[in-house]
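Chain identifiers are assigned alphabetically (A, B, ...) following the order of the sequence lines, protein sequences preceding nucleic acid strands; residue numbering begins at 1 within each chain. Note: hydrogens, waters and symmetry copies are ignored here, and every other heavy atom, side chains too, is used.
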Amino acid sequence: MASSGSGYDLSASTFSPDGRIFQVEYATKAVENAGTVVGIKCSNGVVLGCAKPIHHKMVVATSGSYKRIHTCDTHIGVASTGFLPDSRVLVQRTTEEAADWLEQYGGKIPPHVLADRLGSYVHYFTLHGALRPFGAAAVIAGHDPDTKECSLHLLEPNGAPYRFYGVATGKGKQAAKTELEKLNLHKTPIAADEAVKQILRILHLLHQESKDSKPIEVEVSWICEASGWKHKGVPKDVLKTSEDWAKEQLEEEEEDDDDDEEMEEES
Amino acid sequence: MSRDSNYDHHISIFSPQGRLYQMEYCFKSANSGLTGVAVRGKDSCCVVTQKKVPDRLMEPSSVTHLFALTNKVGCCVTGSMADSKAMVQRARHEAGKWAYDNGFPMPVGVLARRMADLAQVNTQSAHMRPLACIGLFIGVDDEKGPQVFKVDCAGHYLPFFAAASGPKEQEAMNYLEKRVKEMKEYDNNEVIRTAITCLGHVLGSDFRGSEIEVGSIEGTDGKFHVLSEEDIENHLNAIADDADA
């Protein structure tokens with residue numbers, strides 16, 4: 001069987017003998033090579049976080065030009081990861097869709113409509129032989145001003161959008177998902193400031209475990225009452241206390257692990 | 001057969017045996033998803049499929065394979081979710097445009113034929129691949145009564161008394177064929193329960209209300225609606241009672 005691709009993987013318009021489209025699967029792999037993005041839908045809002053690896057010492061990481069979480073219209077945030085030029089196109093498209101909706105219908109685009117439209121857009125690139133799929137995934141967090149509900153959507157290169165309680169994509173996707181599942185978000189949603197702490201903990205935990213020597217810069221944003229139901233970066237003081245908490249947690253967990261190891265050695 | 005492997009890279013190439021391999025591979029992809037069953041009765045029709053939420057972190061309400069195309073036409077699309085959504089969007093657009101151009105709602109048969117024609121285009125031109133999804137379209141036509149159409153990736157479309165799609169298609173069709181004579185007189189409840197029982201039979205399991213999705217239309221004035229979990233539980237209980245009796 002051609003499970004390695006070999007000839008069926010050259011174009012998005014070609015199916016393999018077992019019915020797979022390899023180009024889309026390869027595009028998803030491109031996403032897995034990039035920085036992790038984590039999102040949590042909370043009882044009172046949505047929080048997005050992403051870990052940006054700083055590749056060069058000379059990069060000015062904290063400037064506005066190396067942002068990975070963008071605001072598309074005041075009530076929606078988009079975090080994109082993967083092949084970065086492709087992710088920029090996705091973000092631009094969300095802003096265009098939102099502006100288009102505002103012009104046509106005179107109101108703010110509902111987040112699920114935006115996610116659906118972006119999904120159709122991304123999906124189109126998986127149909128044509130002359131185009132290639134996007135090597136980027138987008139996490140859309142939004143607040144619907146009419147229903148007053150928050151929602152979290154994940155858009156992968158195959159173009160199928162789903163809503164999530166908690167989402168992770170990028171390099172640390174598997175490990176982050178395991179941590180998110182431990183939080184039992186589908187049964188007991190957590191509050192937004194708790195979510196900020198948990199996201200920071202997860203991102204720093206992944207960085208520790210990844211043995212990557214490059215430092216990461218963490219970017220966290222939220223939509224909640226404290227932000228006036230607008231998508232904004234988490235305020236610096238909240239970020240600092242949450243990050244300190246997260247680092248403390250991780251140190252404690254390490255000590256616990258060390259203690260366990262010692263006990264095992266003794267017995 | 002090994003000669004044929006040169007002919008399967010592009011949709012617009014026939015093999016020496018006259019087969020379109022890319023189309024067959026597309027079917028494999030479309031049939032690898034969920035199983036859907038559609039049944040039509042005297043004045044109503046319904047469509048049933050499994051509800052599988054692949055990830056615990058996903059919101060179950062965002063995972064659905066049942067879509068209302070117009071008020072009076074619904075469908076169950078199985079196969080690749082991304083392709084399914086593309087087909088549904090196009091179908092909704094076509095139905096809306098048709099209603100605007102012609103002044104009355106698009107009948108389910110006409111919509112099914114239009115979607116089938118669009119699917120055929122992708123089998124003849126090489127630059128776009130066919131959509132890996134199969135649609136079971138249902139509606140109650142003003143003149144012809146309840147109708148079920150199955151539209152597949154190749155552009156085949158046929159009206160059915162009852163139809164199935166997905167990995168258990170063959171077993172489901174066998175089950176339904178045995179009941180086709182009685183089906184014509186079934187009322188709405190019986191139609192739904194037949195479809196649910198068929199699905200349970202081929203999947204070899206009993207369901208709870210949260211594990212299947214049911215959509216139905218009753219009467220020429222009816223609207224396509226997706227049943228709530230409570231309604232589904234009522235049907236499941238009725239089926240269980242009938243089985244015990």
Side-chain angles (χ1 to χ4, degrees), chain A residues 2 6-21 23-24 38-41 112 115-117 119-131 133 151-168 176-178 180-187, chain B residues 1 4-13 20-33 52-65 67 77 79-90 92-93 118 121-123 125-133 153 167:
Chain A
S6 59
Y8 300 103
D9 55 355
L10 298 171
S11 151
S13 63
T14 307
F15 282 99
S16 77
D18 39 358
R20 293 155 69 179
I21 303 173
Q23 272 293 296
V24 176
V38 179
I40 295 186
K41 176 180 147 165
H112 67 275
D116 267 347
R117 288 197 173 188
S120 309
Y121 184 68
V122 170
H123 173 253
Y124 185 69
F125 288 77
T126 69
L127 290 180
H128 263 280
L131 304 166
S151 57
L152 185 62
H153 308 255
L154 171 64
L155 209 58
E156 299 197 288
N158 66 0
Y162 287 110
R163 281 205 306 277
F164 283 82
Y165 298 115
V167 73
K177 275 180 88 147
T178 318
L180 285 172
E181 282 180 12
K182 285 186 201 158
L183 296 174
N184 249 333
L185 295 166
H186 56 295
K187 291 218 177 91
Chain B
M1 259 320 188
D4 281 354
S5 63
N6 294 328
Y7 298 93
D8 59 358
H9 281 79
H10 295 289
I11 190 65
S12 55
I13 298 182
L20 278 176
Y21 275 103
Q22 275 291 301
M23 183 44 41
E24 295 181 15
Y25 299 160
C26 183
F27 267 96
K28 263 209 195 131
S29 180
N31 276 321
S32 63
K52 272 199 197 157
V53 182
D55 193 334
R56 232 180 357 152
L57 291 168
M58 259 187 213
E59 282 195 34
S61 53
S62 74
V63 180
T64 175
H65 288 262
F67 301 95
V77 197
S80 149
M81 190 52 152
D83 291 2
S84 305
K85 286 212 154 146
M87 171 146 128
V88 165
Q89 275 208 328
R90 186 63 194 263
R92 285 174 172 164
H93 166 81
L118 290 170
V121 172
N122 292 338
T123 70
S125 62
H127 72 291
M128 259 176 83
R129 63 170 177 83
L131 294 179
C133 54
C153 337

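Contacts between T126(A) and chain B at a heavy-atom distance below 4.5 Å involve backbone atoms as well as side-chain atoms. In this structure, no portion of S80(B) lies under 4.5 Å from any heavy atom of chain A. With a 4.5 angstrom heavy-atom cutoff, L185(A) touches chain B only via side-chain atoms. Contact annotation for A168(A): neither backbone nor side-chain heavy atoms come within less than 4.5 Å of a heavy atom of chain B.
With sequence neighbours excluded, the residues that form a side chain to side chain donor-acceptor pair (under 3.5 Å) with K177(A) are D55(B). With sequence neighbours excluded, no residue forms a side chain to side chain donor-acceptor pair (under 3.5 Å) with S32(B).
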Requested in this report: Applying side-chain contact (heavy atoms from CB on, under 4.5 Å), run through V167(A) and L57(B) and close with a yes or a no.
Outcome: CA-CA 7 Å; V167(A) 73; L57(B) 291 168; over 6 Å; no
Requested in this report: Please test Q89(B) against S120(A) for side-chain contact (heavy atoms from CB on, under 4.5 Å), starting from the C-alpha separation and ending with a verdict.
Outcome: CA-CA 9 Å; Q89(B) 275 208 328; S120(A) 309; 2.9 Å; yes
Requested in this report: Test side-chain contact (heavy atoms from CB on, under 4.5 Å) on L154(A) and M58(B) and set out the steps.
Outcome: CA-CA 10 Å; L154(A) 171 64; M58(B) 259 187 213; over 6 Å; no
Requested in this report: Just do the side-chain contact (heavy atoms from CB on, under 4.5 Å) check on K41(A) and E59(B) with the steps written out, would you?
Outcome: CA-CA 10 Å; K41(A) 176 180 147 165; E59(B) 282 195 34; 3.0 Å; yes
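The backbone N or O of A160(A) sits nowhere less than 3.5 Å from a side-chain atom of K85(B) that would complete a donor-acceptor pair. Under a 3.5 Å cut-off, the side chain of R129(B) and the backbone N or O of G129(A) do not form any donor-acceptor pair.
For the atom pair CG (N158(A)) and CG (D83(B)), the distance works out to 8.5 Å, reported to the nearest 0.5 Å. Taken to the nearest 0.5 Å, the CE atom of M81(B) stands 4.0 Å off from the OH atom of Y162(A). Summarising the geometry, atom OG belonging to S29(B) is positioned 10.5 Å from atom CZ belonging to R20(A); distances are rounded to the nearest 0.5 Å.
In terms of heavy-atom proximity, R163(A) sits nearest to S61(B) at NH2-OG, 2.6 Å. In terms of heavy-atom proximity, R56(B) sits nearest to N184(A) at NH1-OD1, 4.1 Å. Minimum heavy-atom separation, H123(A) to A86(B): CE1-CB, 3.3 Å.
Side-chain contact annotation: Q22(B) with T14(A), donor-acceptor N/O pair under 3.5 Å absent.
Between chain A and the options S62(B), A30(B), P60(B), the largest number of non-hydrogen pairs under 4.5 Å is found for S62(B).
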